[in-house]
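Below you'll find the structure, written out as structure tokens, and then a few comments.
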There are 2 protein chains.
Amino acid sequence: MPNKSCIIRLSMYRNALMRLKALNFVKVFSDNLADAARVTAVQVRKDFSLFNISGKRRGGYLVDELISQISTILGKDKVQKFIVIGIGNIGRALLHYPGFKKNEIELVAGFDIDTSKHNMDAKVPILPLEELSDFVKENGIRFGIIAVPDFAAQEALEVMLRSGIRGILNFAPICLKEPPECVVHNLNLETELENIIYFTNYATEAGNK
Amino acid sequence: MPNKSCIIRLSMYRNALMRLKALNFVKVFSDNLADAARVTAVQVRKDFSLFNISGKRRGGYLVDELISQISTILGKDKVQKFIVIGIGNIGRALLHYPGFKKNEIELVAGFDIDTSKHNMDAKVPILPLEELSDFVKENGIRFGIIAVPDFAAQEALEVMLRSGIRGILNFAPICLKEPPECVVHNLNLETELENIIYFTNYATEAGNK
DNA sequence: AAACTATTGTGAATATAATCACAATATAAC
DNA sequence: GTTATATTGTGATTATATTCACAATAGTTT
């Protein structure tokens, strides 16, 4: 089974391939993708072999075919719909983020307890939390994003799970308790910055020695 | 040398410890922190041993002491200043994100090429890109965030590096070329969602078998 | 068409990270 | 004060991920 890093790399290969396609490239070598994704060529080929993606010895890979194969693995053969709970800073930015549509990801609705944020007529409607369950069931939504404050995050998770959502990205700075049948990834902005601070300090110190 | 995951876990332990402190906890066991960070107790102790953090056999760890030790490792003994390049959706959300101040992280200025976004009188000023270098040097900034579109990201990185910034979080969906003396972490929102889609689909399929 | 070369694909080796097993020991119980 | 017990701390082991080494082979050159 592939690990998280491997899937992240697939996304990066796909990004690079889309750029190459835009430049009318027809074929590509593991070495090219390695450069684009800042990994080794063997890593690229090992990743591909895990998914039975093969090229031609000495001939490389066909760009179109490779995009198609990776897209299927990443679920990009159809639009994937997400909802967002919590329309604060982060929630609002996500709803308007232009990068998703290009990649077959659609944020179809936001939910918040604050009535002043509700707007059912907007292109992407902001709805009361009570309507989440019906909305999710009616539209067959499987994915959600939690962008509420830490104290509200566990409850937000449970509402989502009860409605049938199975994959969740959590921006709240707290570790959530999830049942085994769902996938929750945590993305903590403070933690990301703390990481950069640590490794920059470490690198600087090491460099001075 | 600790790896990235280890430092992420330290941040999570610290988060949990702050909550325990708010509840007037005086001591804590590796087992408690393990629950909070969703890892094993041995992992917690191994992480601590890497930094020579020790507790008392059968007595656990003192909350205050532990917070202080982890804070020092993560550079939280002083405020760490960041700037942001690119005041679009993401950049703006970050500038107003309330979670940073609590954690000794301060976003001190934003920069953009679009003059309509400039505002030097705001609490956190938005300045022209040309002023970045002077601002960074005068204020001794070491950290930055890239929140520009992909085509502008490499140039943004180089501007930052020339000004003396050494640690960077990159939100642009592209892999940047960086010299060895700096630290660049990529955080790609599309990629994060693709990851969730993949593992949710995988888990669902596996569950159905 | 034969020889050469660049590239893939993968088993084996290595490196890295997590877990196990248990000794050391501080605290609690009696 | 002695015994029992809960907890830490860590060397040894196992698991996981990456890199190495090289055989296979498609394309290129002569």
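By convention in this document, chain letters (A, B, ...) are assigned in the order of the sequence lines, proteins followed by strands, and residues within each chain are numbered from 1.
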Inset, instruction - Rounded off to whole Å, could you give me the NZ-to-C1' distance for the B:K56 and C:dA28 pair? - result: 15 Å
Inset, instruction - Figure out the CG/P separation between A:L50 and D:dT16, and round it to whole Å. - result: 14 Å
Taking only distance into account, with no hydrogens and no angle test, what donor-acceptor pairs under 3.5 Å do side-chain atoms of residues 106-114 of chain B form with protein atoms, sequence neighbours excluded?
residue : atom : partner : partner atom : Å
B:D112  : OD1  : B:D114  : N            : 2.9
B:D112  : OD2  : B:I87   : N            : 2.7
B:D114  : OD1  : B:S116  : N            : 2.9
B:D114  : OD1  : B:S116  : OG           : 2.8
B:D114  : OD2  : B:S116  : OG           : 3.2

Inset, instruction - Identify, residue by residue, the members of residues 21-31 of chain B with a heavy atom below 4.0 Å from DNA chain D, and return them in order of residue number, or none. - result: B:F29, B:S30
Inset, instruction - Any chance you could list the contact pattern along nucleotides 13-23 of chain C? Use B for base contacts, S for sugar-phosphate-only contacts and - for none, protein heavy atoms under 4.0 Å, 5' to 3'. - result: ----SSBB--B
Legend entry - Partner residues of A:K177 under the side-chain contact (heavy atoms from CB on, under 4.5 Å) criterion, sequence neighbours left out: A:Q154, B:R38
Legend entry - Pairing residues for B:T40 by the side-chain contact (heavy atoms from CB on, under 4.5 Å) criterion, not counting sequence neighbours: B:V42, B:Q43
Inset, instruction - Using the test ring-ring contact (aromatic ring centres under 6.0 Å, His included), find all partners of B:F48 that sit at least two apart in sequence or belong to another chain. - result: B:Y13, B:Y61
Legend entry - Contacting residues from residues 11-20 of chain B, given that a heavy atom lies under 4.0 angstrom of DNA chain C: none
Let me have the donor-acceptor pairs involving side chains of residues 134-141 of chain B, under 3.5 Å, with sequence neighbours excluded, atom names and distances please.
residue : atom : partner : partner atom : Å
B:K137  : NZ   : B:S133  : OG           : 3.2
B:N139  : ND2  : B:F135  : O            : 2.8

Legend entry - Shortest non-hydrogen contact between B:G144 and B:F82, atoms and distance: N-CD2, 3.9 Å
Inset, instruction - May I have all residue pairs that pass side chain to side chain donor-acceptor pair (under 3.5 Å) and include part of residues 79-99 of chain B, sequence neighbours excluded? - result: A:E190-B:Y97
For residues 167-176 of chain B, please give each side-chain donor-acceptor pair under 3.5 Å, one per line with the distance, not counting sequence neighbours.
residue : atom : partner : partner atom : Å
B:N170  : OD1  : B:A172  : N            : 2.9
B:N170  : ND2  : B:A172  : O            : 3.2
B:N170  : ND2  : B:I174  : O            : 3.2
B:N170  : ND2  : B:N186  : OD1          : 2.8

Legend entry - Under 4.0 angstrom between A:Y61 side-chain N/O and D:dA26 OP1 or OP2: no
Inset, instruction - Provide the full list of salt bridge (charged side-chain N to carboxylate O under 4.0 Å, His left out) pairs with a residue in residues 160-171 of chain A, sequence neighbours left out, each pair given once. - result: A:E155-A:R162
Legend entry - Pairs involving residues 14-32 of chain A, ordered by first then second residue, that meet salt bridge (charged side-chain N to carboxylate O under 4.0 Å, His left out) (sequence neighbours left out): A:R19-B:D150, A:K21-A:D64
